Amino acid sequence: MNVLNLLFTKDGLIYQIVKNKSILEEKSYFVDEESPENLIADKLDQVLIKQRFDEIHVVSALNHFTLMPEGFSEHETGFDLIAYNAPVDKEKEELMLSINEKFKIQFYYTFPKNFYKKIKELAIPVQFNFSGEKFLSSINHKNNKEIHINLYHNQCEFFAIDNKKIILYNNLDVNSEVDFLYFVMFTLSKIGFGINETNFFAYGETTENETFISELQKFVKNLRIVFDNVPTKNFILN
């Protein structure tokens, strides 16, 4: 079975082509100041026609989301709820829903409508998910106060968990590793997590964000790098 895995981030697209659980190809594209305007859309077009896929798995880490308790059913308010956190454009964004049964929460998130249509037009099975749900499903947790941080290129998402309950989730678009540190430490102060009593866990692009990791180690006692992305091993896609 040939499976295409796609991960959309703030300024990038990462894809994997997988055959029978073996990763045949993996590549990343990121927008910078010199990139053409439609870089990600053009690269998506190229990836979708590389070969005939049996399934496509899409994960969105785009920072247009809101978190609600499981069972919330007023789906028509999804756009309005997301708009409290980020500006939304109903004409250009598709409203999506991902449910995490383990923690009994659900994510409303939006996905660019032009990307959505390109993928759906292939008329093959496709699964969409939000990175926060995929991240939450992938971590192991205990009864302690914990901060789980997943690092991307110019982006990070993190969960604060206490006694197996989600206290906070956030997804940050920042250009500085110092900003990562500021937001995480500011969050601790607001939710009452003491530095010495909190266990920190890092995942994803930990090598790329080594400044953040080294600075965080200066402040916290308990930090463990659980997963470091290396070629063909991406925390969210694998």
Side-chain angles (χ1 to χ4, degrees), residues 1-32 35-67 75-76 78-79 81-83 85-100 106-138 150 152-155 157 171 173 204-205 229 231-238:
M1 177 178 285
N2 292 323
V3 177
L4 174 63
N5 293 326
L6 299 170
L7 172 59
F8 292 85
T9 66
K10 168 200 171 187
D11 55 4
L13 168 65
I14 301 96
Y15 78 86
Q16 289 180 345
I17 297 175
V18 183
K19 183 173 183 179
N20 299 328
K21 297 185 178 180
S22 296
I23 297 174
L24 304 181
E25 185 177 340
E26 178 181 281
K27 189 169 288 188
S28 303
Y29 302 101
F30 294 104
V31 174
D32 59 30
S35 299
E37 182 178 355
N38 296 319
L39 174 69
I40 300 302
D42 292 342
K43 294 301 181 183
L44 177 60
D45 287 339
Q46 295 173 20
V47 171
L48 293 178
I49 62 172
K50 271 183 171 289
Q51 63 183 70
R52 172 68 184 181
F53 299 106
D54 299 300
E55 288 184 4
I56 299 178
H57 299 166
V58 181
V59 179
S60 173
L62 302 174
N63 188 4
H64 280 201
F65 72 93
T66 193
L67 184 62
H75 304 311
E76 69 280 358
F79 275 116
L81 292 170
I82 294 170
N85 298 321
V88 296
D89 187 339
K90 294 182 181 181
E91 299 300 318
K92 295 182 179 180
E93 297 177 72
E94 195 78 20
L95 182 64
M96 315 289 284
L97 174 66
S98 288
I99 299 173
N100 186 280
Q106 59 192 40
F107 298 87
Y108 287 100
Y109 65 102
T110 65
F111 188 69
K113 190 163 289 188
N114 59 331
F115 296 166
Y116 181 84
K117 289 181 177 180
K118 288 176 187 287
I119 296 167
K120 294 291 285 185
E121 283 172 357
L122 294 179
I124 60 177
V126 56
Q127 299 175 16
F128 290 90
N129 201 357
F130 182 60
S131 63
E133 198 287 319
K134 187 78 181 290
F135 181 22
L136 190 57
S137 296
S138 303
N150 187 24
Y152 297 90
H153 178 83
N154 292 340
Q155 188 176 352
E157 59 185 341
N171 188 322
D173 298 342
E205 300 293 344
N229 284 350
T232 74
K233 292 185 182 296
N234 184 289
F235 174 63
I236 287 295
L237 288 181
N238 286 89

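These numbers were taken from a predicted model, which means no experiment stands behind them.
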What's the separation between atom [atom1] in [X] and atom [atom2] in [Y], rounded to the nearest 0.5 Å?
| X | Y | atom1 | atom2 | answer |
| --- | --- | --- | --- | --- |
| Q106 | L97 | CD | CG | 5.0 Å |
| N229 | S28 | CG | OG | 9.0 Å |
| I23 | T232 | CD1 | OG1 | 5.0 Å |

Quick check: closest heavy atoms across [X] and [Y], and the distance to 0.1 Å?
| X | Y | value |
| --- | --- | --- |
| F79 | E94 | CZ-C, 4.4 Å |
| F53 | K50 | CZ-CB, 4.5 Å |
| F30 | L39 | O-CD2, 3.7 Å |

(request) Decide yes or no on side-chain contact (heavy atoms from CB on, under 4.5 Å) for F128 and Y109, but give the supporting numbers first. (result) CA-CA 11 Å; F128 290 90; Y109 65 102; 3.7 Å; yes
Show me the donor-acceptor pairs within less than 3.5 Å that the side chains of residues 4-18 make with the rest of the protein, sequence neighbours left out.
from	atom 1	to	atom 2	distance (Å)
N5	OD1	H57	ND1	3.4
N5	ND2	Q16	OE1	3.3
T9	OG1	G12	N	3.1
K10	NZ	N175	OD1	3.0
D11	OD2	N154	ND2	3.4
Y15	OH	E25	OE2	2.4
Q16	NE2	E26	OE1	2.6
Q16	NE2	N238	OD1	3.4

(message) Is it the case that over 12 heavy atoms from other parts of the model lie below 6.0 angstrom from the CD atom of E76?
(response) yes
(request) Check side-chain contact (heavy atoms from CB on, under 4.5 Å) between L122 and all other residues, then give those that pass, not counting sequence neighbours. (result) L48, I56, I124
Okay, side chain of [X], backbone of [Y]: is any donor-acceptor separation there less than 3.5 Å?
| X | Y | value |
| --- | --- | --- |
| N38 | A41 | no |
| D54 | N2 | yes |
| N129 | S60 | no |
| S137 | K134 | no |
| Q155 | A61 | yes |
| N150 | E157 | no |

(message) Between E93 and T110, is there a side-chain donor-acceptor contact under 3.5 Å, judged purely by atom types and distance?
(response)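 E93 and T110 do have a side-chain donor-acceptor pair below 3.5 Å.
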(message) Set out, in order, the CA-CA distance, both residues' side-chain angles and the distance that settles side-chain contact (heavy atoms from CB on, under 4.5 Å) for L95 and V88, then state yes or no.
(response) CA-CA 10 Å; L95 182 64; V88 296; over 6 Å; no
(message) Suppose we screen for ring pair (Phe, Tyr, Trp, His ring centres under 6.0 Å). Which residues come up paired with F235, at least two apart in sequence or across chains?
(response)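 If we apply the ring pair (Phe, Tyr, Trp, His ring centres under 6.0 Å) test to F235, skipping adjacent residues, the hits are F135, Y203, F227.
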(request) Check whether any side-chain heavy atom of Y108 lies under 4.5 Å from a side-chain heavy atom of H75, and answer yes or no. (result) yes
(message) Do P112 and I40 have side chains that approach each other closer than 4.5 Å (heavy atoms only, starting at C-beta)?
(response)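 No, every pair of side-chain atoms sits at 4.5 Å or beyond.
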(request) Among F65, F130, Y116, find the one that has a side-chain contact (heavy atoms from CB on, under 4.5 Å) with M96. (result) Y116
(message) Determine whether H153 and E205 satisfy the following criterion, side-chain contact (heavy atoms from CB on, under 4.5 Å), listing intermediate values before the conclusion.
(response) CA-CA 7 Å; H153 178 83; E205 300 293 344; 5.6 Å; no
